[in-house]
K.L.:
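The structure that follows is given in the form of structure tokens.
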Amino acid sequence: MKCLKLLFLLCLMISQYNLSHQKPLTSAVMKHALFHRSDFPFSDLTFDTKARAVFNPNCTDSKSCLQRCQHGKVWTLQSGCCSCTCRKGYILSTNEKSCTRAMFGDWSTWSSCIVSEWGGVQHRGRLCKTKLGRSANNRCVGAGSQSRSCSKVTRDFRIRKNLLDLTDEELHDFIQGFTKFKQDHSLFGYLNIAKWHGWPNRCPWYKHRIEEHKNGHCSWHNHPMFLPWHRLIMVQLELGLSRHMKNKTLGIPYWDWTDPTYKGIPDLVKNPTIYDPILKEYVPNPFYRTYVPSHPLVNNQTLYNYRAVERAGFLRHNLMLKNIIQAVNMPNYEFFDMTEIDAHGQVHNCMCVSKGGNCTYSMLKTAYSCFDSAFFLHHSQIDRVYALYQKLRHVLGTQDWTKESFLDAYKREHFFDFFNRPDVSGSWDWPMSPFCNASMNPSYVTLNENSWTVANSYYYQELFGYKYDSFDFARRDWKLLLKDLKQSYESKYYGKVVPYFSHLGKDLGEISHQSIFFTGDCTV
């Protein structure tokens with residue numbers, strides 16, 4: 001082995017590899033590596049890094065950078081060691097060097113029809129395995145799931161538009177409708193639904209079962225149910241708002257914080273009064289702040305949600321755009337979810353940077369974040385990212401929404417403690433509260449049979465009746481992302497998060513964990 005290492009080192013020294021284009025690993029990169037696994041094609045490393053990797057005493061057997069790989073080989077920043085990789089359509093063999101073909105089996109039977117006013121849905125799936133029956137989830141070429149409508153469309157779809165593209169009539173309707181929505185004290189009203197997210201902790205049955213829910217709040221974060229649960233509360237808010245809107249086809253607009261047109265938070269939520277373009281006068285702004293009803297006084301005062309905005313954090317448009325590009329190109333749902341969470345967190349964190357105020361009652365905290373109306377503009381955008389993740393795969397015919405493919409990555413991620421947490425291992429068909437609870441949820445749409453599971457909430461158009469006007473981000477054509485995803489499918493490093501340049505714009509620079517750095521607070 002020592003001779004092989006010396007021979008390899010000699011080959012490196014006489015190679016024509018161009019060192020001038022390599023980037024040094026900075027301290028910021030090393031810090032970021034604690035949160036994100038960073039892989040690099042071994043052939044792209046600098047001479048010094050290759051040499052350190054080859055002589056790393058901790059890298060033996062399948063982790064040795066001297067090993068010969070059938071398809072590709074990557075070096076991992078955190079460990080300093082190497083591993084073999086395979087193209088899509090293959091899975092790494094048990095010897096961790098060669099690649100074994102993976103293929104889909106037969107289709108399951110169609111599920112029973114979940115009827116809705118927007119066509120309903122049936123779905124079916126098939127498993128990805130090797131010839132010898134070894135599971136190969138997320139590795140097969142083609143689609144692992146299919147869906148079809150199974151009932152009549154009897155109601156118009158709601159369209160979620162870009163906030164900046166609302167017409168004068170739509171903005172007027174939105175202002176007037178939201179004002180009435182906040183005054184609605186029924187179960188359909190804003191204040192009732194906002195309480196589902198955090199305070200006053202309306203899911204007490206979680207207290208003794210789930211560590212992260214000891215106070216009994218209902219929402220899920222850093223969890224497989226994060227995006228599906230927030231999709232459902234957005235539908236709940238949208239349906240409640242629609243009861244007070246003249247235009248029943250206008251959904252909750254999204255705040256595209258990747259768009260450099262914004263120079264901070266949206267004007268819609270910024271000031272106590274807002275100009276109504278139809279009334280042609282300033283009116284009280286229902287989006288400015290929200291009274292938290294039935295809450296104990298704070299400093300002898302009635303409680304309203306609080307903001308202390310760090311404007312500079314909302315000027316990092318390209319940082320958040322690159323995060324979304326990277327997220328939607330991830331090889332599985334878990335990677336996608338744990339990547340987009342950075343841009344999601346950036347908006348929450350920058351809505352309150354303590355300057356003598358009390359961020360306890362702001363978007364920074366789970367308990368009170370939903371009382372800020374910026375929450376639903378933000379989460380309309382987050383759900384749009386989730387919908388884009390789906391759209392890209394449906395267009396390319398690679399959608400794979402099955403229990404096996406969904407849970408697979410969570411099993412292998414120590415953070416989730418999969419085998420000791422029933423809320424994680426059972427997340428696919430876990431009944432998400434309070435949507436599944438008829439005593440709390442007055443809406444037949446989100447209470448519809450099993451629509452309150454991760455499995456079925458995926459079908460947002462068919463079951464919940466809304467669409468997005470566009471999947472463009474920062475006014476860039478989303479269809480270019482299809483080229484990114486297709487490129488990843490063709491890569492010999494498939495399944496690894498290696499640096500690349502996006503077709504959405506080379507001006508964005510390299511898409512990698514090293515170039516997309518969030519501090520964990522408000523990144524400025």
K.L.:
So, Thr249 versus Asp156: side-chain donor-acceptor pair below 3.5 Å or not?
P.N.:
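No.
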K.L.:
Considering residues at least two apart in sequence or located in another chain, which fulfil the ring pair (Phe, Tyr, Trp, His ring centres under 6.0 Å) criterion with His123?
P.N.:
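Only Tyr459 meet the ring pair (Phe, Tyr, Trp, His ring centres under 6.0 Å) criterion with His123.
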K.L.:
Are His217 and Trp196 close enough that a side-chain donor and a side-chain acceptor fall under 3.5 Å?
P.N.:
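No.
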K.L.:
Which pairs pass disulfide (SG to SG under 2.5 Å) with one or both residues in residues 231-277, sequence neighbours excluded?
P.N.:
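Listed once each, the pairs would be none.
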K.L.:
Establish, yes or no, whether the cationic atom of Arg393 lies under 6.0 Å from the six-membered ring centre of Tyr389 and within 45° of the ring axis.
P.N.:
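Pair Arg393/Tyr389 counts as cation-pi.
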K.L.:
Does Thr523 have any side chain to side chain contact (heavy atoms under 4.5 Å, CB included) partners at least two apart in sequence or in another chain, and if so, which?
P.N.:
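In terms of side chain to side chain contact (heavy atoms under 4.5 Å, CB included), with neighbours along the sequence ignored, Thr523 is linked to Arg316, Leu319, Gln346, Phe518, Thr519.
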K.L.:
Side chains of Asp256 and Thr258 only: does a donor on one sit below 3.5 Å from an acceptor on the other?
P.N.:
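Checked: Asp256/Thr258 side chains pair up, N/O donor to acceptor below 3.5 Å.
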K.L.:
Name all residues meeting the side chain to side chain donor-acceptor pair (under 3.5 Å) criterion together with Ser405; count only those two or more places apart in sequence or in a different chain, and write none if there are none.
P.N.:
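Listed in chain order: Thr402.
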K.L.:
Between Gln236 and Ser443, is any side-chain donor less than 3.5 angstrom from a side-chain acceptor?
P.N.:
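Per modelled atom types, Gln236 and Ser443 side chains form no pair under 3.5 Å.
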K.L.:
Is there a donor-acceptor pair under 3.5 Å between the side chain of Asn323 and the backbone N or O of Ile516?
P.N.:
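No, Asn323 side chain to Ile516 backbone: no donor-acceptor pair under 3.5 Å.
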K.L.:
Between Arg158 and Asp469, is there a side-chain N and carboxylate O pair less than 4.0 Å apart?
P.N.:
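Judged by the 4.0 Å cut-off on N to carboxylate O distance, Arg158 and Asp469 do not form a salt bridge.
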K.L.:
Indicate whether any N or O donor in one side chain lies under 3.5 Å from an N or O acceptor in the other, for Asp259 and His317.
P.N.:
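No, no side-chain donor-acceptor pair sits under 3.5 Å.
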K.L.:
By side chain to side chain donor-acceptor pair (under 3.5 Å), which residues pair with Ser451, not counting sequence neighbours?
P.N.:
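Listed in chain order: nothing, the list is empty.
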K.L.:
Ignoring hydrogens and angles, tell me if any N or O in the side chain of Asn448 forms a donor-acceptor pair with the backbone of Tyr444 under 3.5 Å.
P.N.:
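Pair absent, no side-chain N/O of Asn448 close to backbone of Tyr444.
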K.L.:
Closer than 4.0 angstrom, basic N to acidic O: yes or no for Lys270 and Asp267?
P.N.:
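Looking at Asp267 together with Lys270, the answer is yes, because their closest N to O distance falls below 4.0 Å.
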K.L.:
Just jot down the ring pair (Phe, Tyr, Trp, His ring centres under 6.0 Å) partners of Phe464, sequence neighbours excluded, or say none.
P.N.:
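Not a single residue meets the ring pair (Phe, Tyr, Trp, His ring centres under 6.0 Å) criterion with Phe464.
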K.L.:
Considering only distance and modelled atom types, tabulate donor-acceptor pairs under 3.5 Å from the side chains of residues 330-338, sequence neighbours left out.
P.N.:
from, atom 1, to, atom 2, distance (Å)
Asn332, OD1, Glu334, N, 3.2
Asn332, OD1, Phe335, N, 2.8

K.L.:
Any side-chain to backbone donor/acceptor pair from Lys322 onto Glu510? Under 3.5 Å, distance only.
P.N.:
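Flag set: sc Lys322 to bb Glu510 pair under 3.5 Å.
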K.L.:
Under the side chain to side chain donor-acceptor pair (under 3.5 Å) rule, collect the residues that match up with Gln487, sequence neighbours excluded.
P.N.:
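Applying side chain to side chain donor-acceptor pair (under 3.5 Å) to Gln487 gives none.
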K.L.:
Keeping Asn318 on the side-chain end and Leu508 on the backbone end, is there a donor-acceptor pair under 3.5 Å?
P.N.:
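No, because the side chain of Asn318 does not come within donor-acceptor range (under 3.5 Å) of the backbone of Leu508.
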K.L.:
For residues 225-235, dump all side-chain donor-acceptor pairs below 3.5 Å to protein atoms at least two apart in sequence or in another chain.
P.N.:
from, atom 1, to, atom 2, distance (Å)
Trp229, NE1, Cys218, O, 3.4
Trp229, NE1, Ser433, O, 2.8
His230, ND1, Phe226, O, 2.8
His230, NE2, His197, NE2, 3.2
His230, NE2, His221, NE2, 3.4
Arg231, NE, Asp383, OD1, 2.7
Arg231, NE, Tyr466, OH, 3.2
Arg231, NH1, Gln390, OE1, 3.0
Arg231, NH1, Ser457, O, 3.1
Arg231, NH1, Tyr458, O, 3.2
Arg231, NH2, Asp383, OD1, 3.3
Arg231, NH2, Gln390, OE1, 3.1

K.L.:
Can you name the side chain to side chain donor-acceptor pair (under 3.5 Å) partners of Asp276, sequence neighbours left out?
P.N.:
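Residues passing side chain to side chain donor-acceptor pair (under 3.5 Å) with Asp276: His172, Gln176.
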K.L.:
List in chain and number order the residues that pass side chain to side chain contact (heavy atoms under 4.5 Å, CB included) with Phe471, two or more places apart in sequence or in another chain; answer none if no residue qualifies.
P.N.:
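For Phe471 the side chain to side chain contact (heavy atoms under 4.5 Å, CB included) partners, ignoring immediate neighbours, are Arg384, Ala387, Leu388, Lys391, Tyr460, Tyr468, Trp478.
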K.L.:
Between Arg476 and Asp507, is there a side-chain N and carboxylate O pair less than 4.0 Å apart?
P.N.:
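Yes, charged N to carboxylate O under 4.0 Å.
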K.L.:
Output all residues satisfying disulfide (SG to SG under 2.5 Å) with Cys350, sequence neighbours left out; order by chain, then residue number.
P.N.:
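Expected list: Cys522.
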K.L.:
Under a 3.5 Å distance rule, please check whether Asp477 uses its side chain to pair with a backbone N or O of Lys479 as donor and acceptor.
P.N.:
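Yes: the side chain of Asp477 pairs with the backbone of Lys479.
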